[in-house]
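Before any comments, here is the structure.
Note: hydrogens, waters and symmetry copies are ignored here, and every other heavy atom, side chains too, is used. Model, not experiment: these values are computed from the prediction. A, B, ... follow the sequence lines: proteins, then strands. Residue 1 opens every chain.
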Number of protein chains: 2
Amino acid sequence: MKANQQPASKKPLNLRALQNTPGFMIRLVQLKFFEGFYEQFAEMGISPASYAILALVRDNPGVAPSSVAGLLRLQLPNLIKMLNELESAGLIKRSRSKADRRAVELVLTPKGNKLIQEAAKISEPYNRRMLAPLSEAEQGTLIEMLNRILPL
Amino acid sequence: MKANQQPASKKPLNLRALQNTPGFMIRLVQLKFFEGFYEQFAEMGISPASYAILALVRDNPGVAPSSVAGLLRLQLPNLIKMLNELESAGLIKRSRSKADRRAVELVLTPKGNKLIQEAAKISEPYNRRMLAPLSEAEQGTLIEMLNRILPL
DNA sequence: TATTGTTATACTCTATAACTATA
DNA sequence: TATAGTTATAGAGTATAACAATA
């Protein structure tokens, strides 16, 4: 250790190119959201994916696994594993459709309903924290832009 | 098959909650960017991660692996594997620092320089395609917001 | 003793193939 | 034959532990 004292970081790197690369920034922001999620929801034993599944089933009782997989961009076999866990945990229930006995209908159990309700409460401070550097109006603009980039 | 004819999709699902969940939308947009990246850069044999590494080394010749890992949010051992591949492919060169012989300095080879230059050209139509639903001004706003959410 | 880079390894996430049952 | 769901399995990506060389 001689001179060259800088607090902790080494050098002022040139990051302009990457900062102006949308895909790169989106990826880093996404990692930040995931990291923040696990911090905020640590005690609930819930992941971003399971949160999305529960919210989707809550708003669409009877929805089919294939629909959930399609919307969440998960391969069906991978979703099935998560559904098995959610069902084992007593959060969702599977039943066979009477119209088409191949089809499965997903619904929340009371326990699942309670969990997603608590999670929704926690999600408010979580989103506030993640988006703190943006004004309310800007947060709305961001959401709107994201929905335009990826129409659902 | 009786009645109930709807083109291909099954039902009009209620997606409002998820559409208004920033982390969820950011994740889906990020997946779209990755998917689009592999389409557009298919022939170059380059991944989003290796693109970022090459661009970072190009703009910061002599940068240390630990700095690259920190910025790209990769664990150092995982970055090392990628560096091994990039070096084997003749795209980057490692050399030991003379000041601190533990430290490694990364630079692009001429071949690496040529590759990132070609990739940068392809990245223009790629970004244009990904962000097509946004106006030029909106694209700038988005980038600026992302940088505020995740200051680098 | 602390730091940088590296290797080995385990774990999670994602993708593909094949099977069951119903249509 | 085609479709919805499921199982099994392989691969990619990510995280942790331990080591070598140097400070």
The side chain of B:Arg102 is closest to which nucleotide in this list: D:dT14, C:dA15, D:dT22? D:dT22

State plainly whether the residues A:Arg129 and A:Glu39 are in salt-bridge range, i.e. N to O under 4.0 Å. yes

Would you give the length of the straight line joining atom CG of A:Asn147 to atom CG of B:Asn20, rounded to the nearest 0.5 angstrom? 7.0 Å

Nearest-0.5 Å distance that lies between atom CG in A:Leu15 and atom CG in B:Asp59: 8.5 Å

Testing the basics here: between B:Leu13 and A:Ser67, what is the closest heavy-atom pair and its distance to 0.1 Å? CD1-CB, 4.2 Å

Residue pair B:Phe34 / A:Arg27: nearest heavy atoms and the distance that separates them: CZ-CD, 3.5 Å

Are any protein N/O atoms closer than 3.5 Å to N/O atoms in nucleotides 6-9 of chain D? If there are, list each pair with its distance.
residue, atom, partner, partner atom, Å
D:dT6, OP1, A:Arg94, NH1, 2.9
D:dT6, OP2, A:Arg94, NH1, 2.8
D:dT7, OP2, A:Asn84, ND2, 3.3

Please give, in whole Å, the distance from [N] [atom2] to [X] [atom1]?
X	N	atom1	atom2	result
A:Gln75	D:dG5	CD	P	14 Å
B:Leu79	D:dT16	CG	C1'	16 Å
B:Leu72	D:dT14	CG	P	11 Å
A:Leu74	D:dG5	CG	C1'	15 Å
B:Glu35	C:dA15	CD	C1'	13 Å
A:Leu106	D:dA4	CG	P	14 Å
B:Tyr38	D:dG11	OH	C1'	13 Å
B:Glu87	C:dT7	CD	P	10 Å

So does [X] have more than 12 non-hydrogen atoms from other groups sitting under 6.0 Å from [atom1]?
X	atom1	value
B:Arg73	CZ	yes
A:Glu118	CD	yes
B:Glu35	CD	no

Who passes salt bridge (Lys or Arg N to Asp or Glu O under 4.0 Å) against A:Glu87, sequence neighbours left out? A:Arg94

Pull out every residue in residues 40-49 of chain A that has a heavy atom closer than 4.0 Å to any atom of DNA chain C, ordered by number, or say none. none

So, OP1 or OP2 of D:dT3: does either fall under 4.0 Å of a side-chain N or O from A:Ser66? no

First encountered from the 5' end of DNA chain C, between B:Leu31 and A:Asp100: B:Leu31

5′-ward residue of the pair A:Arg27/A:Ala64 relative to DNA chain D: A:Ala64

